[in-house]
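To keep things clear, I will list the structure first and then write my remarks on it.
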Number of protein chains: 2
Amino acid sequence: MKRKVTLKQIAKELDVSISTVSKALRNSAEISEDTKLKVQAFAKLYNYRPNNIALSLKNRKTRTLGVIIPEIVHHFFSKVIKGIEVVANKRGYNVIVGLSNESFDKEVLNMEMLANGSIDGFILSISKETLQNQDYHHFTETINQGMPIVMFDRVVNDIDCDKVVVDDYSGSINAVSHLINKGCKNIAIITTKDYVSVGKLRTQGYIQALEDNGIQAKPSLILKVDDRQVSDDNLEVLETIIGEMFKENPQIDGVFAVNELYALTAMKVARNMGITIPEQLQVIGFTDGVLSKHANPSLTAVSQHADLIGQTAANLLIDKLEIEIDDEVDESYQTTTISTELIERESTKS
Amino acid sequence: MKRKVTLKQIAKELDVSISTVSKALRNSAEISEDTKLKVQAFAKLYNYRPNNIALSLKNRKTRTLGVIIPEIVHHFFSKVIKGIEVVANKRGYNVIVGLSNESFDKEVLNMEMLANGSIDGFILSISKETLQNQDYHHFTETINQGMPIVMFDRVVNDIDCDKVVVDDYSGSINAVSHLINKGCKNIAIITTKDYVSVGKLRTQGYIQALEDNGIQAKPSLILKVDDRQVSDDNLEVLETIIGEMFKENPQIDGVFAVNELYALTAMKVARNMGITIPEQLQVIGFTDGVLSKHANPSLTAVSQHADLIGQTAANLLIDKLEIEIDDEVDESYQTTTISTELIERESTKS
DNA sequence: ATTCGCAACGAAAACGTTTTCGTGTTGAAA
DNA sequence: TTTCAACACGAAAACGTTTTCGTTGCGAAT
């Protein structure tokens, strides 16, 4: 077993000083050609690579980004990570991933674990519990210590940092308008409780789109699901309440769901009730994931361009990191909005 | 902005030496109670946390695992990562993720980027290109440098390291036997080219199950898809060749697909040809992802317990890291097999 | 009065780099 | 012969820890 070779070992072996080796490898003009060649050849032979940790300590930069997300087994988040990874890699950064699992404590713990020198900055999406608690001290403290944060998707206005968001509002307006254009007269929305910012925005977009078309939103057609009761493994509750809404409001001819799962569940319930899609009922879901594409019928969806969100966030963070010379924190923050795109499939009329 | 406080600053502030501060914080008996209390109070006030990088350099351990996977936007891999994360977190480790994107070069690059001190060991699944090239020098070199590797799912026998694999062979036997038990007489398999080890094993399991039941495998019913031509965005080719197989072999009454996508595509093609599922055709897919559960009809699938794979791999790696005292490499390697489970759903008869 | 032991603390090395600043040697100019 | 610049290299500090090994001062034992 050959351990990794260090400058010190090379120096000893070639009978020169550590400084000489370091300079020779960096092609410094201070060192004679002879010595350079000798050192470089030796380093190549023993496959010398500078130790990242030592470099990090010296430069007080790790060239590593910390990413904290609520969940990784999720098409949207994994796509964001991929976007981050691609950009980070291209720009010479590594990515450490931490999962909050939608828990406030784990979010705080994860951030503390990484903030002590392991990373240069954070990219994160806030956990549901944190959003409910409205306790953001860990974000402000991190920022106060000079560590930049970029938030994406689930953001909060109270915090001064760069943000990358989806235009949930206008995306929803587009989707609902599309349903109206395709002839829907009674459109229901399946959404989440308001503390999830994106759910709230999407609901507002839904209402606005109706109003724009001279339709009054009816409370009976707004289904706010408590997503603490509904998980991927427990869809019966969801099916039941959707079924009830359909029964009590047989005039429903369009459904706008704020995520894939709600949309697919609505289609399933409708199918079981003998309602045909898209003839009798048209459905659109927010979030374009694998389910939408491969559902039967396939689901018309509002694509969020998750990979672009990740890329944008990573570029924002790295830009900020590399601009900050001499510990001068750049105090200007920007919010980038990534526009959505309606992908038409079989669940709406063509 | 308060920068992170260091031992040196505390020492200066309290007019003691750095060593005294360090010992006081670690509750050393060498230090008087008075000094300890003074130092600890000050540290708490200024929220002192030891710098991870400095610790890593000193201890020559980073308490960080490197994970290299071919793709993250993939239910199986993201679930494995989640399993790794949970265990790593519980045992005080961080996780750096690198994506090979199925490319040999990116796999090598990513590993080199991390192997220079950033991490203590690797957990990885080999990229398709590497499997084709059969060039494994980067693995052996890493191991030779004393950095342990744990491979999962896509492994290769040539390399001496711990491995976590799925029992692809017996899982496939189970699945195909199930089809036979449910009355299938002519079972087709949709699989990948043989260089992907798991595809090969699953195909072998299929053949074995047929033989066990006195059935001779027919080449015309073995469809080997070139997955370089088929992506999530380009399923037409796949649909065409599956359709051709169905037309040329109308006696087919069962399909075993080595992944979800192939299974769903087979169901789609069948549906378009007016074949009913599960009455006329029963389908089972390997890999239990979101698609299987939410497909219509939902897909009977062979679950791989991806999270368990991740947990097992992480535990194996950390065990090895923490056993290796005094640079003594533990040369005993084990291969853990995670058994599969058949999840019955609507695509097979009950 | 001398020695001993102990309590409490500090100096310094080490981890692996980079970089600044010094230092010795050489050859040429004065 | 002296002076001086240029050249080639080394020593040391710094990044933030931990830990080993001194080094004090002091009360007690001899």
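Note on naming: letters A, B, ... go to the chains in the order of the sequence lines (proteins, then strands), and numbering restarts at 1 for each one. In this text the structure is predicted, and so the values were computed from the model without any measurement.
Sorted by first then second residue, the salt bridge (charged side-chain N to carboxylate O under 4.0 Å, His left out) pairs that include residues 79-97 of chain B, not counting sequence neighbours, are A:E71-B:K82, B:R91-B:D319, B:R91-B:E322. Listed by first and then second residue, the ring pair (Phe, Tyr, Trp, His ring centres under 6.0 Å) pairs that reach into residues 79-116 of chain A are A:F104-A:H138, sequence neighbours excluded. Here side chain to side chain donor-acceptor pair (under 3.5 Å) pairs that include residues 146-159 of chain A, with residues two or more places apart or in two chains, are A:E102-A:R154. Sorted by first then second residue, the ring pair (Phe, Tyr, Trp, His ring centres under 6.0 Å) pairs that include residues 53-73 of chain A, not counting sequence neighbours, number zero. Counting only residues at least two apart or on different chains, the ring pair (Phe, Tyr, Trp, His ring centres under 6.0 Å) pairs with a member in residues 17-66 of chain B are B:F42-B:Y46.
Taking the ring pair (Phe, Tyr, Trp, His ring centres under 6.0 Å) definition, one finds that A:F139 meets it with nothing, sequence neighbours left out. In this view, A:Y136 satisfies the ring pair (Phe, Tyr, Trp, His ring centres under 6.0 Å) rule with no residue, not counting sequence neighbours. Residues forming a ring pair (Phe, Tyr, Trp, His ring centres under 6.0 Å) with B:H74 (at least two apart in sequence, or on another chain): B:F77. For A:E30, the salt bridge (charged side-chain N to carboxylate O under 4.0 Å, His left out) partners are A:K23, not counting sequence neighbours.
Contacts of A:S22 with the nucleic acid, taken as non-hydrogen atoms under 4.0 Å apart, include base atoms.
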Expected string for nucleotides 6-11 of chain C under the B/S/- scheme (protein heavy atoms, under 4.0 Å, primed atoms plus P, OP1, OP2 as sugar-phosphate) is --BBBB

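Residue B:K58 contributes atom NZ, which lies 17 Å from atom P of C:dA12 at whole-angstrom precision. Nucleotide D:dG10 holds its C1' atom 17 Å from the NZ atom of A:K12, rounded to whole Å. To the nearest angstrom, P of C:dA14 lies 20 Å from NZ of B:K61. Between A:L14 atom CG and D:dC9 atom C1' there is a gap of 14 Å when expressed in whole angstrom units. D:dA8 atom P lies 13 Å from atom CG of A:N27, rounded to whole Å. Between the C1' atom of D:dA12 and the CG atom of A:L7 lies a distance of 15 Å, rounded to the nearest Å. Here the P atom of nucleotide C:dT17 and the CG atom of A:L25 are 9 Å apart, to the nearest Å.
The shortest distance between the side-chain N/O atoms of A:R60 and the OP1/OP2 oxygens of D:dG16 is below 4.0 Å. The phosphate of D:dC15 has OP1 or OP2 within less than 4.0 Å of a side-chain N or O from B:K8. One finds no side-chain N or O of A:R26 lying less than 4.0 angstrom from the OP1 or OP2 phosphate oxygen of C:dT17.
Applying a 4.0 Å cut-off to non-hydrogen atoms, the residues of residues 42-57 of chain A that approach DNA chain D are A:L57, listed by residue number.
Open room surrounds CG on A:D15; 12 or fewer heavy atoms of other groups in view lie less than 6.0 Å from it.
When atom types are taken as modelled, the side chain of A:N59 and the backbone of A:K61 share no donor-acceptor pair closer than 3.5 angstrom.
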Paired and unpaired positions of DNA chain C as dot-bracket, Watson-Crick or G-U wobble under 3.5 Å, | denoting a partner strand
||||||||||||||||||||||||||||||

